[in-house]
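What follows is one structure encoded as structure tokens, with my remarks underneath.
Naming: A, B, ... by sequence-line order, numbering from 1 per chain. On a predicted model such as this, the values are computed, not experimentally measured, just so you know.
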Number of protein chains: 2
Amino acid sequence: MIRLLLADDQALVRGALAALLDLETDLEVVAQVGRGDEVLDAARQSGAEVCLLDIEMPGLTGLEVAERLRAELPAVRSLIVTTFGRPGYVRRALDAGAAGFVVKDTPARELADAVRRVHAGLRVVDPTLAAESLMAGPSPLTAREAEILRLALDGSPVATIARAAHLSQGTVRNHLSAAIGKTGAATRAEAARIAHARGWL
Amino acid sequence: MIRLLLADDQALVRGALAALLDLETDLEVVAQVGRGDEVLDAARQSGAEVCLLDIEMPGLTGLEVAERLRAELPAVRSLIVTTFGRPGYVRRALDAGAAGFVVKDTPARELADAVRRVHAGLRVVDPTLAAESLMAGPSPLTAREAEILRLALDGSPVATIARAAHLSQGTVRNHLSAAIGKTGAATRAEAARIAHARGWL
DNA sequence: ACCTGGCCATGACACCTGTCACGGCCCCGA
DNA sequence: TCGGGGCCGTGACAGGTGTCATGGCCAGGT
């Protein structure tokens with residue numbers, strides 16, 4: 001009996017996944033949480049062996065959770081289950097200590113197998129996704145450029161970004177210009193979209 | 001036995017919802033599709049009585065599907081099941097003939113009840129969502145303003161938008177200016193975000 | 001000691017954007 | 001018949017944006 005923990009911010013999806021996995025005779029969902037910062041406590045109390053983690057959750061990112069799980073509960077395996085197959089996410093997930101990476105597009109019947117493989121100590125990564133991840137390569141953005149671009153994601157004007165980052169407007173525009181160049185974009189909005197889609201933010 | 005059709009672009013979510021609903025003794029999932037434009041055929045062939053529709057799908061929107069179902073298969077009830085509780089979506093869903101509107105945040109146990117209510121001919125709408133929908137009111141945007149704003153969503157420059165819409169740049173800027181004024185935004189990026197969040201696009 | 005590269009900043013320039021005033025064309029309701 | 005309002009366009013202006021050159025500071029590697 002493999003003991004599972006589910007972390008996803010959408011209650012309906014969480015419950016549905018639980019129903020799906022409980023159909024398997026060798027799997028048992030022992031805990032469900034809707035926030036990233038509730039995973040560690042729940043994992044400790046439930047004695048979960050494998051954690052299915054969504055990436056975009058309130059509190060903590062699934063990637064951050066995977067990192068903390070590795071540090072504090074090294075016996076627990078993390079399996080990232082996310083909507084977005086952004087290339088950069090795969091690399092970051094593996095760096096964070098995740099044992100697997102699955103997108104929500106994959107057929108339902110394959111999920112249970114992924115869980116079993118991860119539990120057995122294997123690494124599970126969507127093959128097409130792994131290829132994309134290698135193709136795209138690592139992020140060319142510096143830390144500051146990524147930070148500025150994150151602030152520019154919603155289309156804020158330079159003045160707002162500068163205040164938020166405690167920088168001068170000129171510096172912000174320089175970072176944005178560099179990011180535009182590195183992403184091959186024409187405007188900062190496009191640069192932000194590209195970097196976001198690649199998982200560089 | 002209530003016959004259900006599931007439409008959601010994420011295979012994993014689709015399969016998980018099927019597992020969840022099949023647990024109920026009076027419900028039966030008779031068809032699953034991953035695209036909006038496959039729903040009608042599938043509904044006809046499977047003889048589904050209730051269709052669970054995600055809004056954002058390739059091919060056709062869940063809202064558009066609801067409209068066509070009402071026109072061509074009036075006996076079939078539509079239940080919108082979506083991630084985003086945008087106020088404008090609720091109104092548009094009901095106008096399109098949907099019998100219910102549920103967000104993916106709702107507890108899993110309530111979904112089966114929503115299906116039964118819809119099948120019984122009742123309307124099901126998340127109460128807090130209904131309140132928000134009334135609060136926000138209808139879209140103040142004209143058709144063209146909404147179209148231009150849709151094209152501006154990704155941060156394209158005015159020249160690109162103008163080409164895409166077959167308009168002069170001046171006209172595009174006028175429409176954008178009007179939209180910025182009506183949304184109370186400061187930039188077109190913010191206006192696009194606001195309108196999108198309200199379900200006006 | 002030297003050079004490279006990230007980071008911060010300034011100033012100047014060309015260009016893009018947001019706003020406003022204005023005019024014209026339609027359709028619809030009073 | 002006469003507005004009113006949506007729609008399209010022009011022109012002009014102030015301010016925001018993207019680019020470039022330049023300079024200083026600091027950490028790291030040769």
(request) Examine distances only and state if a side-chain atom of Arg188(B) and a backbone atom of Leu149(B) form a donor-acceptor pair shorter than 3.5 Å. (result) no
(message) For Asp9(A), is there any backbone N or O sitting under 3.5 Å from a side-chain donor or acceptor partner on Arg35(A)?
(response) no
(message) Report for the helix from dT4(C)-dA27(D) to dA30(C)-dT1(D): angle between first-end and last-end helix axes, five pairs each, rounded to 10 degrees.
(response) 30°
(request) Strictly below 4.0 Å, heavy-atom distances to any atom of DNA chain D: list the hits from residues 183-194 of chain A, or just say none. (result) Arg188(A)
(request) Determine yes or no for a side-chain-to-main-chain donor-acceptor pair under 3.5 angstrom, with Thr183(B) supplying the side chain and Ala179(B) the backbone. (result) yes
(request) Would you check if the side chain of Arg86(B) reaches a backbone N or O of His196(B) as a donor-acceptor pair within less than 3.5 Å? (result) yes
(message) Taking atom CZ as the centre, does Arg116(B) end up with more than 12 heavy-atom neighbours from other residues, nucleotides or ligands that are less than 6.0 angstrom away?
(response) yes
(request) Could you tell me whether the side chain of Arg3(B) and the main chain of Gly47(B) form a donor-acceptor pair under 3.5 Å? (result) yes
(request) Flag yes if more than 12 heavy atoms outside Arg91(A) fall under 6.0 Å of its CZ atom; otherwise flag no. (result) no
(message) I'd like to know if the side chain of Glu145(B) reaches the main chain of Thr142(B), judged simply by a donor and an acceptor atom lying under 3.5 Å from each other, with no hydrogens or angles considered.
(response) yes
I'd like a list of close polar pairs between nucleotides 6-12 of chain D and the protein, N/O only, cut-off under 3.5 Å.
from, atom 1, to, atom 2, distance (Å)
dC7(D), OP2, Thr142(B), OG1, 2.4
dC8(D), OP1, Arg144(B), NE, 2.7
dC8(D), OP1, Arg144(B), NH2, 3.1
dC8(D), OP2, Arg144(B), NE, 3.1
dC8(D), OP2, His175(B), NE2, 3.1
dG9(D), OP2, Ser168(B), N, 2.9
dG9(D), OP2, Thr171(B), OG1, 3.2
dG9(D), O6, Asn174(B), ND2, 3.3
dT10(D), O4, Asn174(B), ND2, 3.1

(request) Might you point out which heavy atoms bring Ala19(B) and Leu23(A) nearest each other, and give the distance in Å? (result) CB-CD1, 3.9 Å
(message) Check this for me: Arg68(A), atom CZ, are more than 12 non-hydrogen atoms of other residues, nucleotides or ligands nearer than 6.0 Å?
(response) no
(message) What's the separation between atom CE in Met57(A) and atom OG1 in Thr82(A), rounded to the nearest 0.5 Å?
(response) 9.5 Å
(message) Using a 4.0 Å cut-off to any heavy atom of chain A, which nucleotides of DNA chain C are the first and last in contact, reading 5' to 3'?
(response) dG6(C) to dA12(C)
(message) Can you confirm whether Arg109(B) is buried at CZ, in the sense that more than 12 heavy atoms of other residues, nucleotides or ligands lie under 6.0 Å from that atom?
(response) no
(message) Any salt bridge linking Arg92(A) with Asp95(A)? Criterion: basic side-chain nitrogen under 4.0 Å from a carboxylate oxygen.
(response) no
(request) Identify, residue by residue, the members of residues 146-153 of chain A with a heavy atom below 4.0 Å from DNA chain C, and return them in order of residue number, or none. (result) none
(request) Ignoring hydrogens and angles, tell me if any N or O in the side chain of Glu64(B) forms a donor-acceptor pair with the backbone of Thr61(B) under 3.5 Å. (result) yes
(request) Apply side-chain hydrogen bond (donor to acceptor under 3.5 Å, both in side chains) to Glu190(B) and list each qualifying residue two or more places apart in sequence or on a separate chain. (result) none
